[in-house]
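For reference, the structure is listed below as C-alpha cells.
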Number of protein chains: 2
Amino acid sequence: MARRPTIRSVAEEAGVSPTTVSLVLNNNASAIPEATKERVVQAVRKLGYRPNPSARALSSSQTHTIGFITDVIASSGYAGRSIAGAQELSWANDKVLLIVNTGGDAAITRAAVDMLCDRQVDGVIYAAMSMCGVDLPEALLQIPTILVNAYDRQSRFPAILADEELGGYTATRTLIDAGHRRIGMLYGVPEVDAGRERLIGHRRALDEAGIAFDPALVRADCWFPEGGYRSTKALMTLDEPPTALFCVNDWVAMGCYEAVKELGLSIPGDLAIIGYDNHELAGLLRPGLTTMQLPHYDLGRKAVECLLAPAGSVAPNAVIRLPCPLIRRQSV
Amino acid sequence: MARRPTIRSVAEEAGVSPTTVSLVLNNNASAIPEATKERVVQAVRKLGYRPNPSARALSSSQTHTIGFITDVIASSGYAGRSIAGAQELSWANDKVLLIVNTGGDAAITRAAVDMLCDRQVDGVIYAAMSMCGVDLPEALLQIPTILVNAYDRQSRFPAILADEELGGYTATRTLIDAGHRRIGMLYGVPEVDAGRERLIGHRRALDEAGIAFDPALVRADCWFPEGGYRSTKALMTLDEPPTALFCVNDWVAMGCYEAVKELGLSIPGDLAIIGYDNHELAGLLRPGLTTMQLPHYDLGRKAVECLLAPAGSVAPNAVIRLPCPLIRRQSV
DNA sequence: GTGAAAGCGCTAACAA
DNA sequence: TTGTTAGCGCTTTCAC
C-alpha cells in the first residue's frame with residue numbers, strides 16, 4: 001500500500017526544507033515570498049499531501065479535538081440535536097468531536113475526563129439531558145470546559161442554558177396578546193428546575209399585563225398526558241374556567257387535547273393551548289400545537305463558540321441563556 | 001504547571017529502560033520476570049503515569065478511535081441511541097468515538113472520510129437515520145467500515161439492519177396468537193423500504209396460519225396519525241371489519257386510537273392494535289400500545305462488535321439483521 | 001528568507 | 001531478560 005506523502009516529500013518536491021513547508025501550511029509564512037509559497041502549495045497539491053494529525057498533535061500538543069460528554073442519552077432525541085449543533089460548528093472550524101456517554105455514572109465521568117485530558121482535547125463540553133446542577137471532577141479545571149443544559153454547583157465553569165423563564169413569559173404573553181385574561185397553567189413537578197422557571201415567567205407576564213394571579217388556575221403534578229387530561233377536566237368545570245392554558249410541556253398539552261375533545265369543546269375557540277418543547281408530534285396534532293422550542297441545537301453550537309473564543313472571554317461563572325423560539329401553529 | 005510523567009521518568013523510577021516499561025504496559029511482557037513487572041507497575045502508580053495517546057498513535061499508527069458518521073441527526077432520537085450503543089461498547093474496549101454529521105451532503109461525507117483517514121481511525125461506522133441504500137466514497141475501502149441502518153449499493157461493506165420482515169411477522173403473529181383471524185394492516189408509503197418489509201412479514205404470518213390475505217384489509221398511505229385515523233374509520237365501517245390492526249408505525253397507531261375512541265369502541269376489546277417503533281409516547285397512551293421496538297442501540301453496539309472482530313471474520317457483503325423486540329403492553 | 005537540528009513521547013527491531 | 005537505537009511526521013528555535 002502506497003505510503004502517504006510526508007512533509008519531507010513535499011519539501012523535496014518543492015525544493016525547499018520541511019520547515020518552509022510547515023511555515024506555509026500553518027500561515028506563519030509572513031516572511032516567505034509569494035513565489036516560494038506558491039511552489040509549496042503546488043507541491044502539496046501535486047502529491048495530495050495531508051498532514052498527519054497524530055504527528056502534529058505530538059509536537060504541538062494541539063489535537064483540534066473537542067470532548068463531548070453526555071450523561072444520559074435520552075430517548076427524546078434532544079442529545080442528538082446538541083451534538084449536531086456542536087459538531088457542525090466544530091467541523092466548520094476544523095475540529096472534531098470525541099463523544100463519551102457516562103450514563104450519569106460518576107466513576108465513568110471521572111474516567112472520561114481523564115481520557116480526554118490524556119488525549120489533549122482543546123476543550124470539553126458537558127451536556128446534561130435534563131437541566132440540573134452537577135458536580136464534576138477536579139481534573140476538568142485543567143481544560144477549558146463548558147456546560148450545556150446544566151450548571152456547576154460550584155460555579156467553576158460557564159453554563160449554557162435555555163432561557164426557561166423567558167420561555168414561560170413568552171408563552172403566556174402570546175396568550176395575553178391573543179386577548180386572553182383567564183389563563184391557567186398546567187405546571188410540572190416541582191423537582192424539575194425548568195418547570196419552576198417557566199412558572200415564574202408565566203407569572204411575570206401576568207403581572208406585566210395587570211392580570212391578577214389566580215392560584216385556582218394553576219395545577220401542579222402535570223408531566224405526562226394523563227396529568228394534562230385530568231387537570232384540564234378539573235379546570236374546565238370551574239365556575240369561571242380559563243379560556244387559555246399554558247402547558248409545562250407538549251405531553252401535558254396532548255392530554256389537554258384529549259380532554260377538550262371529550263368535553264366537546266374546540267381548540268382554540270373554547271380553549272387556547274400553548275405547550276413547551278416542540279415535540280415531534282406537536283405539528284401532527286389537530287389543530288397544530290403552538291409551542292416553545294427548546295434550543296438544543298443552538299446550545300451545542302454556542303458551547304463550541306465559547307470554547308473557540310479567545311481564552312478569558314467567557315467568565316468561568318458565566319451563565320448564558322438562549323431564548324426558546326415560539327413555534328406558532330393553530331392552537332392559540 | 002507540572003508536566004505529566006513520561007515513559008522515561010517511569011523507567012528511571014523503576015530502574016529499567018523505557019523499553020521494558022513499554023513492554024510491560026502493552027502486555028508484551030511474557031519474557032519479563034514478575035519482579036521487574038512489579039517494579040514498573042509500582043512506578044507507574046507512584047507517578048500517576050498515563051501514556052500519551054498522540055505519541056502512541058504516531059509511533060504505532062493506532063489511534064484507538066472509531067469514526068462514526070451520521071447522515072441526518074433526526075429529531076427522533078434514534079441517532080442518539082445508535083451512538084450510545086456504539087459508544088458504550090467502544091468504551092468497554094478502550095476506544096473512543098469520533099463523530100461527524102454530514103447532513104447527507106456528499107461533499108461533506110467525502111471530507112469526513114478523508115479526515116477520518118488522516119486521523120487513522122481503527123474503523124468507520126456509517127449510520128443512516130432512515131434505512132436506505134447509500135453510495136460511499138472510495139476512500140472508505142482503505143478502512144474497516146460497517147454500515148448501520150443502511151446498505152451499500154455496491155455491497156462493498158457489511159451492513160447491520162433491523163429485521164423489519166421478522167418484525168412484521170412477529171407483530172402479526174402476536175395478533176394471531178391472541179385469537180384474531182381478521183387482521184388488517186395500515187401500511188406505509190411504498191418508498192420506505194422498512195414499510196414494505198414489514199408488510200412482507202405480515203403476509204408470511206398470515207400464510208403460515210392459513211389465513212387468506214384480504215387486500216381489502218390493507219390500507220396504504222398511512223405514515224402519520226392523520227392517515228391512521230382515516231384508514232381506521234374506513235376499515236371499521238366495512239361489512240366485516242377487522243378485529244385487529246397492525247400499524248406500520250406508532251404514529252399511525254395513535255391515529256387509530258383516536259378513531260376507535262370516536263367510534264365508541266374499545267381497545268383491545270373491539271379492536272386490537274399493534275404498532276411499530278416503540279415511540280416514547282407508546283407507553284403513555286391509554287391503553288399502553290403494544291409495539292415492536294427498533295433495536296437502534298443494538299445496531300450501534302453490533303457495529304462496534306464487528307469492527308473489533310478479527311479482520312476477515314465479517315464478509316464485506318455480509319448483511320446482519322437484528323430482531324426487533326416485541327414490547328407488550330395492553331393494546332392486544 | 002530559509003534551513004539545520006532538536007525534540008514531542010512512544011514503539012519495535014536488534015543487540016547484548 | 002533487558003537496553004540501545006532509530007525512527008513515527010511534524011513544529012519550532014536558532015543560526016545562517
Side-chain angles (χ1 to χ4, degrees), chain A residues 1-41 43-44 47-65 94 115 117-122, chain B residues 1-41 43-44 47-65 94 115 117-122:
Chain A
M1 178 158 149
R3 295 178 68 69
R4 296 171 57 114
T6 66
I7 200 171
R8 260 236 308 277
S9 58
V10 174
E12 279 164 18
E13 176 72 29
V16 298
S17 76
T19 312
T20 305
V21 177
S22 174
L23 257 24
V24 172
L25 261 37
N26 294 294
N27 295 322
N28 291 335
S30 44
I32 295 176
E34 278 307 320
T36 312
K37 268 193 217 171
E38 191 52 32
R39 284 219 311 287
V40 170
V41 170
V44 164
L47 268 40
Y49 168 74
R50 322 197 88 223
N52 174 329
S54 303
R56 221 200 261 260
L58 179 58
S59 70
S60 71
S61 307
Q62 274 231 51
T63 56
H64 294 279
T65 286
D94 287 314
M115 182 276 284
C117 288
D118 290 351
R119 293 202 180 232
Q120 306 181 83
V121 293
D122 299 348
Chain B
M1 177 155 148
R3 294 180 69 69
R4 296 172 56 117
T6 66
I7 200 173
R8 258 239 307 280
S9 59
V10 174
E12 278 165 18
E13 175 74 30
V16 299
S17 79
T19 311
T20 306
V21 177
S22 175
L23 257 25
V24 171
L25 261 38
N26 293 294
N27 295 323
N28 292 335
S30 45
I32 294 177
E34 278 307 320
T36 312
K37 268 194 217 170
E38 190 52 32
R39 284 219 312 285
V40 170
V41 171
V44 165
L47 267 41
Y49 167 74
R50 322 196 86 222
N52 175 329
S54 303
R56 222 201 261 260
L58 179 57
S59 68
S60 70
S61 305
Q62 273 231 49
T63 55
H64 294 280
T65 286
D94 287 314
M115 182 277 285
C117 288
D118 291 351
R119 292 203 180 232
Q120 306 180 83
V121 293
D122 300 348

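Letters go in sequence order (proteins before strands), and every chain restarts at 1.
- With sequence neighbours left out, the side-chain hydrogen bond (donor to acceptor under 3.5 Å, both in side chains) criterion links Gln62(B) to no other residue.
- The closest side-chain heavy-atom distance from Val16(A) to Val40(A) is below 4.5 Å.
- Smallest separation of non-hydrogen atoms from Ala14(B) and Ala43(B): CB-CB, 3.8 Å.
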Check your understanding: In the 5'-to-3' direction, what one-character label does each nucleotide of nucleotides 3-11 of chain C receive under the scheme B = base within less than 4.0 Å of a protein heavy atom, S = sugar-phosphate only, - = no such atom?
Key -> BBB-BBBBS
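- Taking all atoms of both residues into account, the shortest heavy-atom contact from Leu25(B) to Tyr49(B) is CD2-CE2, 3.4 Å.
- Using a 4.5 Å cut-off on side-chain heavy atoms (C-beta onward), Pro33(A) and Thr36(A) make contact.
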Exercise for review: Please test Arg119(B) against Thr65(A) for side-chain contact (heavy atoms from CB on, under 4.5 Å), starting from the C-alpha separation and ending with a verdict.
Suggested key: CA-CA 11 Å; Arg119(B) 292 203 180 232; Thr65(A) 286; 2.8 Å; yes
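- Using a 4.5 Å heavy-atom threshold, the side chains of Asn26(A) and Arg56(A) count as touching.
- Comparing the axis of the opening five pairs of the helix from dG1(C)-dC16(D) to dA16(C)-dT1(D) with that of the closing five pairs yields an angle of 40°, rounded to 10°.
- No contact: Ser61(B) has no heavy atom under 4.0 Å from any strand.
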**Study point:** Stepwise side-chain contact (heavy atoms from CB on, under 4.5 Å) test for Asp118(A) and Arg4(B)
**Key:** CA-CA 10 Å; Asp118(A) 290 351; Arg4(B) 296 172 56 117; 2.8 Å; yes
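- The side-chain contact (heavy atoms from CB on, under 4.5 Å) check on Gln120(A) picks up Ser61(A), Thr63(A), Asn52(B), Ser54(B), with sequence neighbours excluded.
- With sequence neighbours excluded, no residue forms a salt bridge (charged side-chain N to carboxylate O under 4.0 Å, His left out) with Arg8(A).
- Taking 4.0 Å as the cutoff to heavy atoms of chain B, we find the contact window on DNA chain D bounded by dT1(D) to dG9(D).
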